Amino acid sequence: MPSQSISQGIGRLSRPHSVIPILLRARHSRSFTCSPKQQKASDWSAVQYLKFEDERTRPVRDLLAQIPLQSPKHIVDLGCGPGNSTAVLAARYPHAHLEGIDSSPDMIKKAREVLPNIPFSIEDLNSYVPNQPVDLFFSNAVFQWLPYADRINVIARLIQTQPSGGVFALQVPDNFLEPSHSAMRDTATKGRWAATLDHFQPALDPFQSVQELYNHLKPLCSTINMWHTHYHHVLENHEAIVEWVKGTGLRPFIDPLSSGERGGFLEAYLERLKQIYPISYDGKVVLRYPRLFVVAVRA
């Protein structure tokens, strides 16, 4: 891929003050097939996700910094979102064959617009099979959207397709017990929307522990590097927390609701956040956001 094309694509989503121009990954993330109990009422919004571009891209760089590969030939960005993580990979490995997959048409559309020379395709992670050996699977905030019982099976299946020395790198939010997410579940049980959400059971499952991940993946891998990072995002106000989670974790709660129910739910959720998160000295609010990182090397 010509380096000039990569730079032009990255520049379309980068901020003017960025030291290294990069795109933000959507994801959370998240955008692959969810549990059957969850509602998928509408497509993911790249615009909503990118409202916090710098904050959402930082974990991409942190994960990439720990990948022990110098010149991978084939890279697949699992859950590429609007192309932010793909652009970071392209800048790090300009000579690799790089492709991105995601289940969201809106995310893929955005990725193709900003990186037109990189192949992007709509795929379901549960059934995806690479058409050639992959040296690096890179996944930014995707696997939390899969049902608990399916996550490790999908990861292990993909690792088994890799050559010896191949790397599987993933990052996921690990915030099931965080106040922002506990408040979602609490708000869902109180109000005129409770019956609707009780039917859909929108809350995501907690993610596996590092011990579970290690025990299941170590038979396939020579080394596994795992760590947690707690990011502390300084946001303008409590409303900004709502905007943050509307791009990812709040989606399963508000998508099944009517417009009236959705507005009421968001108002009630905002009030819960105001009770939980104190206002800082300068009027801003600090949102703690823990993430789990795994870098596994195929045996």
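The first residue of the sequence shown is numbered 1, and numbering continues consecutively from there. None of these values were measured; they are calculated from a predicted model.
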Mind checking whether W227 and V60 sit in one hydrophobic cluster, side chains of I, L, V, M, F, W, Y counted as touching below 4.5 Å?
yes
For R92 and L64, indicate whether the former's side chain and the latter's backbone hold a donor-acceptor pair under 3.5 Å.
yes
Joint cluster assignment, Y277 & F176, ILVMFWY side-chain distance < 4.5 Å:
no
Decide if atom NZ of K109 counts as having more than 12 heavy atoms of other residues, nucleotides or ligands within a radius under 6.0 Å.
no
For atom CD1 of I122, is the number of surrounding heavy atoms from other residues, nucleotides or ligands below 6.0 Å larger than 12?
yes
Check whether any side-chain heavy atom of Q208 lies under 4.5 Å from a side-chain heavy atom of L292, and answer yes or no.
no
Would you please say whether a donor-acceptor pair under 3.5 Å links the side chains of S259 and R262?
no
Has the side chain of Y269 got a donor or acceptor atom that lies under 3.5 Å from a matching backbone atom of A188?
no
Under the 3.5 angstrom rule, does the side chain of H233 hit a backbone N or O of L287 as a donor-acceptor pair?
no
Mind checking whether H181 and Y289 have parallel, tilted or perpendicular rings, split at 30° and 60°?
perpendicular
How about F143 and F207: do any of their side-chain heavy atoms sit closer than 4.5 Å?
yes
Say whether N140 and S85, considering side chains only, have a donor N or O and an acceptor N or O under 3.5 Å apart.
no
Mind checking who shares a hydrophobic cluster with V129, ILVMFWY linked at side-chain heavy-atom distances under 4.5 Å?
none
Side chains of L158 and V134 in contact at under 4.5 Å (non-hydrogen atoms)
no
Between E271 and H238, do the side chains contain a donor N or O and an acceptor N or O under 3.5 Å apart?
no
Does L78 form a side-chain contact (heavy atoms from CB on, under 4.5 Å) with I101? I'd like the steps, not just the answer.
CA-CA 5 Å; L78 300 170; I101 67 171; 3.6 Å; yes
For I75, does its backbone N or O pair with a side-chain atom of Y93 as donor and acceptor, under 3.5 Å?
no
Reported CZ-to-CG distance for the pair F253 and L266, which is rounded to 0.5 angstrom:
12.0 Å
Quick check on side chain to side chain contact (heavy atoms under 4.5 Å, CB included): which of Q211, E212, K218 does N215 satisfy it with?
Q211
Taking the side chain as everything from C-beta on, heavy atoms only, tell me whether R58 gets closer than 4.5 Å to R61.
yes
Answer yes if the side chains of R272 and Q275 hold a donor-acceptor pair under 3.5 Å, and no otherwise.
yes
Under the criterion side-chain contact (heavy atoms from CB on, under 4.5 Å), I'd like the reasoning laid out for D102 against F120: C-alpha separation, chi angles, the key distance, then a yes or no.
CA-CA 8 Å; D102 202 288; F120 293 97; over 6 Å; no
Any side-chain heavy atom of N175 within less than 4.5 Å of one from P290?
yes
Y231 and D62: CA distance, side-chain angles, deciding distance, side-chain hydrogen bond (donor to acceptor under 3.5 Å, both in side chains) verdict:
CA-CA 11 Å; Y231 297 89; D62 292 347; 2.6 Å; yes
Between I108 and C80, is there a side-chain heavy-atom distance shorter than 4.5 Å?
yes
Show, in sequence, the C-alpha distance, side-chain angles and deciding distance for I67 and F138, and conclude whether the side-chain contact (heavy atoms from CB on, under 4.5 Å) test is met.
CA-CA 10 Å; I67 292 176; F138 189 92; 3.7 Å; yes
If we only count heavy atoms from C-beta on, is the P68 to V295 side-chain gap below 4.5 Å?
yes
Would a distance-only check, ignoring hydrogens and angles, find a side-chain to backbone donor-acceptor pair under 3.5 Å from Q66 to L63?
no
Are any non-hydrogen side-chain atoms of L89 and L136 less than 4.5 angstrom apart?
yes
Please walk me through it: do Q162 and F137 pass side-chain contact (heavy atoms from CB on, under 4.5 Å)?
CA-CA 9 Å; Q162 294 186 274; F137 281 118; 3.5 Å; yes
